[in-house]
Amino acid sequence: MAQPLAVEARGLEKSYGDLTVLAGVDLTVHSGTVYGLLGPNGAGKTTTVRILTTLLRPDGGQARVAGFDIERERKSLRRNITLTGQYAAVDELQTGEENLIMMGRLRGLPRPDARRRAGELLERFDLTEAGRRRASTYSGGMRRRLDLAAGLVVPPSVIFLDEPTTGLDLRSRQGMWQVIGDLVSTGVTVFLTTQYLEEADQLADRIGVIDGGKLVAEGTSAELKSQVADARLDLTLADRATYDHLHRTLDDRVVHTDPARLVLGVPTDGSARHVRALLDEIDPNRSQVNKFGLHNATLDDVFLALTGHPAEPSHDEEKEPAGV
Amino acid sequence: MSSPTLALPTAAPAPSRLADWTTMIGRCLRVSRRNPEAIIISLALPIMLMLLFVYLFGGAINTGTAYVTYVVPGVLLLCAGFGCSITAQTVSHDLNTGVIDRFRSMDVSGAALLAGHVVASLARNVVATTLVLVVAFLIGFRPNAGLADWLAAGGILLLFMLMMSWLAAAVGLLTKSPEGAGGFTFFVSFLPYPSSAFVPVHTMPSWIQGFAENQPITPVIESLRALLLGLPVGSHPLHAILWCVGLLAVSIWLSGVLFRRRTG
């Protein structure tokens with residue numbers, strides 16, 4: 001039997017008045033895999049998740065999740081998925097344990113089973129000690145873990161995680177990655193959205209890059225990275241003449257420019273060997289390059305490479321003045 | 001595999017809708033109990049007003065009976081209205097946090113969710129009303145009512161609370177933020193003034209009398225007053241019940257419409 005599809009969406013569209021949020025999104029996610037939908041704020045990630053989890057009706061297109069149609073089989077679909085949204089959806093005035101028991105009851109578990117299951121999950125998510133405290137006393141990371149646990153009282157076939165680590169510090173983020181990574185080993189399908197390339201890289205088998213309501217690229221992390229350099233070598237040049245000269249000669253190998261600071265960026269894999277070779281090639285006389293810096297590929301770089309425009313123009317420090 | 005406990009079969013049992021209702025009611029009751037501020041606020045205002053009216057204004061107001069006896073039904077109503085209006089904030093809070101998406105993605109119905117809030121509201125207000133009555137007795141409230149009168153008065157008050165709670169739930173669904181929903185509390189706490197709650201209607205300017213005589217709060221108060229003081233009730237209970245049932249029906253219908261609109 002062919003591997004069943006966990007998510008299958010064709011031509012999803014959604015607009016609010018004149019604002020098009022989704023402009024025809026196709027998605028295919030195989031069961032038992034992790035799919036990462038990567039994109040900046042406002043790209044349409046949350047809208048996609050809300051449509052796939054039946055919270056929002058699309059204006060156009062169709063989708064099946066866990067084998068059920070998002071419009072015609074909402075009830076069955078809802079019983080087979082869980083959604084952990086951007087904001088930890090737990091009751092602050094209830095304890096961790098009470099939150100989990102409540103979820104178990106809503107999932108149809110008899111009270112003793114719900115209680116036992118809550119205990120298991122608290123232990124599993126390292127919250128046993130905190131289980132009898134109100135969730136209002138939890139740290140951001142603990143709250144997210146509780147939120148994730150709440151989605152697992154009855155194991156779903158597809159788990160949707162909408163930006164599971166946004167707003168967490170690095171340590172808590174890594175903790176969440178560990179937890180999500182462990183989940184995957186149980187064979188469940190995970191559909192997550194993220195703004196962080198590194199997160200998609202760590203967790204996802206396949207990554208879809210979404211921008212302006214369209215899927216602009218899809219593939220494994222390695223496939224996407226082959227379209228974008230892993231890293232970039234930024235060269236601070238001696239003077240304006242050198243800058244202009246190298247900008248011309250290197251031409252389309254230049255992936256980053258900062259004329260004000262006389263900086264040109266070229267792709268590299270980041271290895272010492274490659275950096276040395278690049279420096280020798282570009283500056284054989286050892287007089288043109290004053291300084292260099294290594295810059296690891298960011299979402300912005302992926303975006304620049306895939307879409308030809310920066311991901312978030314609002315905090316765009318790499319913006320070029322027109323006419324350069 | 002590091003977590004064998006998660007590897008349960010994925011077939012979710014079909015949840016019973018009754019369990020949804022009892023679970024949501026249990027949730028709201030528990031959360032209410034842990035938010036004593038809400039109860040204290042809904043108690044403090046009516047009790048302070050009662051003391052204010054009885055001791056500061058009461059001497060100058062001639063109602064034909066001891067003023068405390070006249071004013072207690074109005075205070076009970078003020079307390080109920082004020083307490084129920086807090087439901088607008090609790091409902092609004094749920095809608096503005098991620099919790100609503102979680103419940104909906106679990107196929108919990110809007111009716112179960114709102115019923116949880118309404119039942120918790122009723123429970124809070126029964127407690128608050130009882131405490132107000134205790135204070136009223138302490139400062140000299142001496143009703144003249146038999147058991148049947150008490151039951152009838154309690155029933156009408158409960159119906160009024162149910163209506164106000166559903167109305168508040170609808171307002172909570174309508175407003176964009178819990179702060180906005182708080183405005184409803186303000187509005188509700190003023191509604192009893194142009195009624196027979198604190199002073200007899202015939203002492204008001206004639207243009208207000210028309211409103212005061214015919215607004216829904218007046219027949220409820222008049223019913224409570226007549227029942228508790230052993231006076232003839234006339235058609236007041238009928239009007240009170242018609243008003244409450246009518247507004248309750250409108251509020252439930254409105255809540256359903258607004259819930260669907262808010263949650264797509």
Side-chain angles (χ1 to χ4, degrees), chain A residues 50 53-57 66 74-95 98-99 101-111 114 117 120-121 123-124 134 136 147 150-158 160 162 179 181-183 185-188, chain B residues 1-39 90 93-110 112-113 116-117 120 178 259-264:
Chain A
R50 289 177 64 83
T53 53
T54 76
L55 296 182
L56 201 60
R57 290 176 195 272
R74 285 179 147 204
K75 281 186 185 299
S76 309
L77 195 160
R78 286 174 174 183
R79 275 210 291 279
N80 284 277
I81 60 155
T82 59
L83 164 66
T84 295
Q86 256 176 66
Y87 308 100
V90 296
D91 276 333
E92 299 206 330
L93 289 174
Q94 294 201 74
T95 67
E98 287 164 348
N99 268 293
I101 292 174
M102 173 177 79
M103 294 301 169
R105 297 284 292 144
L106 293 177
R107 278 287 178 193
L109 296 181
R111 183 166 286 281
R117 183 71 181 145
E120 287 168 8
L121 286 165
E123 193 183 339
R124 167 75 186 74
R134 292 185 190 177
S136 54
D147 200 21
L152 299 171
V153 282
V154 170
S157 46
V158 185
F160 288 87
D162 192 12
V179 165
D182 289 350
L183 265 183
S185 66
T186 65
V188 69
Chain B
M1 202 190 304
S2 62
S3 53
T5 54
L6 293 179
L8 296 175
T10 57
S16 86
R17 296 297 96 174
L18 185 66
D20 280 5
W21 285 66
T22 55
T23 305
M24 294 317 281
I25 289 169
R27 162 186 185 247
C28 290
L29 286 174
R30 197 175 308 121
V31 167
S32 288
R33 228 173 29 238
R34 292 182 189 168
N35 186 11
E37 294 90 340
I39 293 186
T90 61
H93 181 267
D94 266 5
L95 281 165
N96 282 284
T97 53
V99 78
I100 184 74
D101 282 351
R102 157 139 287 151
F103 288 143
R104 287 193 53 238
S105 72
M106 294 174 78
D107 210 29
V108 175
S109 70
L113 180 71
H117 284 283
F259 187 84
R260 279 190 295 278
R261 210 184 71 189
R262 274 296 286 271
T263 57

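Per chain, numbering begins at 1; letters A, B, ... match sequence-line order.
- The candidate from A:Glu123, A:Arg50, A:Arg134 with the greatest count of non-hydrogen atom pairs under 4.5 Å with chain B is A:Arg134.
- Among B:Ile100, B:Thr22, B:Thr23, B:Asn35, the residue making the largest number of heavy-atom pairs under 4.5 Å with chain A is B:Thr23.
- Checked by atom type and distance alone, the side chain of B:Arg34 pairs as donor or acceptor with a backbone atom of A:Leu93 at under 3.5 Å.
- Looking at B:Ser105, the atoms closer than 4.5 Å to chain A (heavy atoms on both sides) sit in the backbone and in the side chain alike.
- In this structure, B:Arg104 and A:Leu83 have side chains that are not in contact, with every pair of non-hydrogen atoms separated by 4.5 Å or more.
- Here A:Asp91 is the residue among A:Asp91, A:Thr53, A:Asn99 with the most heavy-atom pairs under 4.5 Å with chain B.
- In this structure, no portion of A:Arg111 lies under 4.5 Å from any heavy atom of chain B.
- Each of B:Asp101, B:Val99, B:Thr97 has some count of heavy-atom pairs under 4.5 Å with chain A, and the biggest count is that of B:Asp101.
- Of the atoms belonging to A:Ser136, not a single heavy atom falls under 4.5 Å from chain B.
- Proximity to chain B is absent for every atom of A:Ala66, based on heavy atoms less than 4.5 angstrom apart.
- Under the 4.5 Å side-chain criterion, counting only non-hydrogen atoms from C-beta, A:Glu92 is not in contact with B:Val31.
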Check the pair A:Leu106 / B:Met24 against side chain to side chain contact (heavy atoms under 4.5 Å, CB included), numbers first and verdict last.
CA-CA 9 Å; A:Leu106 293 177; B:Met24 294 317 281; 4.0 Å; yes

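- Residue contact with chain A, scored on non-hydrogen atoms closer than 4.5 Å, involves the side chain of B:Arg30 exclusively.
- For A:Asp147, the parts lying near chain B are the backbone and the side chain together; criterion is any non-hydrogen pair under 4.5 Å.
- In this structure, the portions of A:Thr84 lying under 4.5 Å from any heavy atom of chain B include both its backbone and its side chain.
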